[in-house]
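From a predicted model like this one, the values you see are computed outputs, not experimental measurements. Note that ligands are numbered from 1 as they come in the structure, with each ligand's atoms numbered from 1 the same way.
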Amino acid sequence: MYVPYKMRYSLSTHVRKRSSPPTRATMVRTSGPDTMLLLTLAAVASGPVAAYSWPDPKIDLLESILYQQNGYRQYGLAFGVSPCTNMANMQETGRDDSAEWFRTAYHDMATADVQTGIGGIDASIGFETDRPENKGKAFNETLSFILAFQSARSSMADVIALGGLFSVGSCSNGEVIIPFRGGRIDALEAGPTGVPQPEEDLDTHTAAFARQGFNVSEMIGLVACGHSIGGVHGENFPEIVDVVDDINNQASRQDFDETFDNFDNSVAKQFVANTTQNPLAFGHNETTRSDFRIFNADGGELIRKMAESQQFFWDTCTTLLERMINTVPKGVKLTDVIEPIPVRPNNLFITVNPNGTQTISGEVRILEDGVTSANRQVLIHLKSRDGKNISSNPVVATTQNGLQVVGYYKNLPSFTSYTFTTTVPTTVGVSAFDVQLKDGNTDITNTNGGGGFPFQDALITQAESTCVGLEFFSTKSNNTLNISVAVRDDMEFDTVQLWVPKPVNMIGTFSTRFEPTSTELSKTESLNGTGYSIYSGSYWFTVDSVGPMKTFDLFASGPNGVVYNNFTRWADFNVCQ
Ligand code: HEM
Ligand SMILES: *[C@@H]1O[C@H](CO)[C@@H](O)[C@H](O)[C@H]1NC(C)=O
Ligand SMILES: *[C@@H]1O[C@H](CO)[C@@H](O)[C@H](O)[C@H]1NC(C)=O
Ligand SMILES: *[C@@H]1O[C@H](CO)[C@@H](O)[C@H](O)[C@H]1NC(C)=O
Ligand SMILES: *[C@@H]1O[C@H](CO)[C@@H](O)[C@H](O)[C@H]1NC(C)=O
Ligand SMILES: *[C@@H]1O[C@H](CO)[C@@H](O)[C@H](O)[C@H]1NC(C)=O
Ligand SMILES: *[C@@H]1O[C@H](CO)[C@@H](O)[C@H](O)[C@H]1NC(C)=O
Ligand SMILES: *[C@@H]1O[C@H](CO)[C@@H](O)[C@H](O)[C@H]1NC(C)=O
Ligand SMILES: *[C@@H]1O[C@H](CO)[C@@H](O)[C@H](O)[C@H]1NC(C)=O
Ligand SMILES: *[C@@H]1O[C@H](CO)[C@@H](O)[C@H](O)[C@H]1NC(C)=O
Ligand SMILES: *[C@@H]1O[C@H](CO)[C@@H](O)[C@H](O)[C@H]1NC(C)=O
């Protein structure tokens, strides 16, 4: 049985509330590096947890973007809508990213036809911004912000869904936590039309929502949830609300309710009380009073219930919005709900030293589930290349201030990272490790389901001699990777390759697609006395602006096997001098 994360960790939420959150001033808008890692710690008191085994290419990056929000190795997507009133575009007042990202998610989904399985959240909205049904700058500005989180392992469609999820999470301060599944696939062209427009009649709207998979009650609920934040802009809909001359409201927004920046039930309360604020319910233009027609479609029953109970409103929205973001084209198979990974490695690196040793370094990120004492010990048990315990003395991993990461709103997990480094002879090598957690009376060794966390040493990027370059010309950037890889001689590889998912711009959208490209690396040096050789090469591509998240994969094959070392972020390396 699936136990929602929010319920399982309510304890830790309360613990966390007492400590003061990091101040906004210390937040950095960059995303920290991440490799491709994760695992499970089974059987916590709270019941069955799906057995993860690290790494999982479908889960790991999305888990980071979802939960590593604020602090160490944070991903800045949630930051874009935290607080709810945040607006990246400083040029214009009267707009909020949260409302715009949320509306973007709905408009991407709104053309879905669940009978034929066409459409849903697939990033096709990017190709559809010039349509009358998608008025305004919101869609392109949303895509150009969230583009930084698109990657070979996070489709634009997944990022659009996350954007909507973060918006309601932030604007409700964690009261609405939508379970997230990954695996959406990006469309490569526009889809059909069909986003509801305010001047259409109730029958048209009822039919449009039925096509999207929502009956009349669900239509009422979904529209009430959608119109809990933001408003109607005179800039986009002058026939609905007046254009005003106000330096604090340059887009001429008239808010849906008196708490446009709070995902709450006041839109329903105000409607039931007949107040005049919501332009789509009581605006001067009767033709465009679509909220009025929709909220009364069942005689006003559901909107009254939503007005009466804040909790009922939130629960209704959680259920309906989860369905909204999980509406995907036929054939797309979403992952299980992505839960916080209790113990997961990050940023594992190995450097081969000239004196016949290798320096092994990495981090383990531990979920704070509320049971940690001040003297927790984290011990790394390395296994040699041939799978034996390296020594009876485990490597001690340590933490310090600044290695914590928390959520921007309530009901999210927090984590602490522990870093380790050690040196072993290259003749011994490494193949995996276990993580022992000693804390008070508990002493748990996490073996990643039995075999340990894999840590191959046959094909390893040498961080000190790898660098990345970024040059701008006109509206484009030139992105260079100069890479140096240590390759174990005993593998006798026939080929060592660098694979880069090259971002390619598409006409008519800010979203990109990825084209797999390979480059043969060549042997440039023997590291005498270590059993390793250096292979190197370089690769460059150009893309509009800075483009999406850049990563690379390594691949080598030979008589003794095939080795992959996938999804390393360019951002983990120094800038070329
Ligand atoms: C019949 C259905 C709907 C109609 C006719 C409709 C119409 C509109 C209109 C005209 C605006 C003003 C946009 C602007 O001026 O920038 C708006 C804003 C908005 N809509 Fe809807 N909408 C509908 C359903 C939904 C649903 C189901 C959701 C989400 C679940 C949603 C989310 C939003 C949000 C968040 C805004 C505020 C945007 C902002 O302030 O930038 N809408 N809607
Ligand atoms: C819509 O479907 C829900 C179940 O999802 C059901 O409870 C509700 O009665 C239905 N409403 C209408 C008007 O059919
Ligand atoms: C009311 O809205 C409709 C539909 O957008 C438009 O055709 C009409 O001109 C508007 N009326 C006024 C008075 O703005
Ligand atoms: C709101 O208006 C409707 C229709 O005019 C009326 O039936 C209802 O009593 C009014 N509600 C309040 C709270 O004034
Ligand atoms: C070998 O070199 C590494 C890196 O410079 C150093 O950390 C290590 O102590 C050296 N080991 C020996 C046995 O000299
Ligand atoms: C190897 O280390 C693990 C802990 O990581 C321990 O459980 C196991 O018993 C050790 N095996 C041997 C043969 O010492
Ligand atoms: C991009 O940079 C690489 C080297 O860093 C260079 O060889 C290449 O010509 C550049 N491409 C363009 C289009 O400027
Ligand atoms: C959004 O951006 C795309 C791609 O640059 C462009 O084709 C489209 O016209 C833009 N839409 C709007 C409304 O500016
Ligand atoms: C490594 O050995 C090769 C031949 O065995 C020799 O040509 C080369 O100079 C040596 N390199 C270093 C750095 O010692
Ligand atoms: C690793 O990357 C290569 C090349 O991009 C790809 O063909 C392979 O399927 C990937 N393997 C895994 C396990 O992700
Ligand atoms: C990157 O590699 C290329 C070719 O190997 C070389 O010409 C260039 O100087 C390198 N750039 C930097 C900044 O290291």
Side-chain angles (χ1 to χ4, degrees), residues 87 94-110 133-139 141-142 164 167-168 171 195-202 204-206 208-209 212 214 218-241 251-256 260-261 263 267 278-280 283 288-291 293-295 297 317 320-321 323-325 351-359 379-384 387-392 394 421-426 432-436 445-448 450 452-453 464 530:
M87 186 69 208
R95 299 171 54 193
D96 285 335
D97 283 328
S98 55
E100 297 192 352
W101 293 15
F102 183 26
R103 180 166 170 249
T104 299
Y106 175 61
H107 281 224
D108 194 23
M109 187 285 283
E133 65 189 35
N134 294 319
K135 285 204 186 86
K137 305 167 191 152
F139 306 104
E141 288 193 19
T142 298
S167 292
V168 298
C171 297
V195 180
Q197 296 181 257
E199 66 277 12
E200 292 164 346
D201 63 18
L202 183 60
T204 306
H205 285 154
T206 305
F209 278 85
Q212 297 160 21
F214 298 95
E218 293 160 346
M219 166 176 73
I220 297 165
L222 206 55
V223 173
C225 299
H227 295 167
S228 177
I229 58 174
V232 179
H233 299 86
E235 177 176 80
N236 303 330
F237 294 92
E239 75 280 16
I240 304 180
V241 303
S252 301
R253 179 180 60 205
Q254 187 178 322
D255 304 342
F256 285 126
F260 72 95
D261 59 348
F263 191 87
V267 64
N278 177 347
L280 297 181
T288 54
R289 288 186 192 160
S290 52
D291 281 10
R293 293 186 288 271
I294 287 172
F295 293 163
C317 294
L320 292 174
L321 295 176
R323 272 180 54 196
M324 178 181 101
I325 66 168
T351 306
V352 177
N353 302 315
N355 65 6
T357 65
Q358 57 196 47
T359 301
L379 303 170
I380 308 298
H381 295 264
L382 291 170
K383 292 174 209 269
S384 66
K388 300 210 174 69
N389 287 352
I390 282 187
S391 87
S392 50
T421 179
T422 191
T423 300
V424 302
T426 52
F433 61 93
D434 294 333
V435 178
Q436 184 181 9
T445 296
N446 192 314
T447 62
N448 194 30
F453 296 90
E464 277 158 31
T530 67

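With a 4.0 Å heavy-atom cut-off, ligand 1 is reached by the backbone of His233 and by its side chain too.
In terms of the salt bridge (charged side-chain N to carboxylate O under 4.0 Å, His left out) criterion, residue partners of Arg95 (sequence neighbours excluded) are, by chain and number, Glu92, Glu100, Glu141.
Using 4.0 Å as the threshold, Gly231 has a heavy atom nearer than that to some atom of ligand 1. Distances from ligand 1 to the non-hydrogen atoms of Gln197 include at least one value under 4.0 Å. Ligand 1 lies within reach of Pro198, whose nearest heavy atom is under 4.0 Å from it.
Counting the atoms of ligand 1 from 1 in the order shown, those under 4.0 Å from a heavy atom of Gly230 are 40 (O). Listed by number with element, the atoms of ligand 1 under 4.0 Å from a non-hydrogen atom of Glu100 are 41 (O). Atoms of ligand 1 lying under 4.0 Å from at least one heavy atom of Ser290, given by number and element, are 5 (C). Ligand 1 places these atoms under 4.0 Å from at least one heavy atom of His205: 1 (C). The atoms of ligand 1 that sit less than 4.0 Å from any heavy atom of Phe256 are 17 (C), 18 (C), 19 (C), 36 (C), 37 (C). Every atom of ligand 1 is numbered from 1 in the order shown, and the set under 4.0 Å from a heavy atom of Phe237 is 10 (C), 12 (C), 13 (C), 14 (C), 15 (O). Close contacts between ligand 1 and Phe209 involve ligand atoms 1 (C), 2 (C) [criterion: under 4.0 Å to a heavy atom]. Each of the atoms 4 (C), 5 (O) of ligand 6 lies under 4.0 Å from some heavy atom of Asp434. Close approach of ligand 1 to Asn236 (heavy-atom distance below 4.0 Å) involves ligand atoms 14 (C), 15 (O), 16 (O). Here is the list of ligand 6 atoms found below 4.0 Å of a heavy atom in His381: 5 (O).
Evaluated by nearest non-hydrogen atom to atom 30 (C) of ligand 1, the leading choice among Ile294, Leu222, Val232 is Leu222.
Between Thr445 and ligand 6, no pair of N/O atoms sits closer than 3.5 Å.
Here the straight-line distance linking atom CE of Met324 with atom CZ of Phe214 works out to 8.0 Å at 0.5 Å rounding. Interatomic distance, OG of Ser290 versus CG of Asp201, reported as 11.0 Å (0.5 Å rounding). We find the CG-CG distance between Asn134 and Asn236 to be 11.0 Å, quoted to the nearest 0.5 Å. The line from CG of Asn448 to CZ of Phe453 is 4.5 Å long, rounded to the nearest 0.5 Å. Separating the CZ atom in Phe209 from the CD1 atom in Ile220 is a distance of 10.5 Å, to the nearest 0.5 Å. Here Ser167 contributes atom OG and Ile229 contributes atom CD1; the two are 5.5 Å apart, rounded to the nearest 0.5 Å.
Side chain to side chain, Ser98 and Asp261 fail the donor-acceptor criterion of an N or O pair below 3.5 Å.
Although no hydrogens or angles enter the test, the distance criterion places no donor-acceptor pair under 3.5 Å between the side chain of Gln436 and the main chain of Leu379. Proximity of a side-chain donor or acceptor of Thr426 to a complementary backbone N or O of Gly356 within less than 3.5 Å is detected. Here the side chain of His107 pairs no donor or acceptor atom with the backbone of Phe102 at under 3.5 angstrom. Under the 3.5 Å distance criterion, the side-chain polar atoms of Thr206 are matched with a main-chain donor or acceptor of Leu202.
Note on residues 225-235: pairs passing salt bridge (Lys or Arg N to Asp or Glu O under 4.0 Å), not counting sequence neighbours, are Lys137-Glu235.
Around atom 21 (Fe) of ligand 1, the protein atoms of type N, O or S found under 2.8 Å away are His227 NE2, listed by chain and number.
Smallest separation of non-hydrogen atoms from His381 and Pro394: CE1-CB, 3.6 Å. The nearest pair of heavy atoms linking Ala224 to Phe295 is N-CE2, 3.7 Å.
Contacts of ligand 5 (protein heavy-atom distance under 4.0 Å) are Asn353, Asn355, Thr357.
For the side chain to side chain contact (heavy atoms under 4.5 Å, CB included) test with Thr142, the passing option among Thr104, Asp108, Asp97 is Thr104; the others fail. Looking at Asp291, Leu280, Val232 one by one, the single match for side chain to side chain contact (heavy atoms under 4.5 Å, CB included) with Pro198 turns out to be Leu280.
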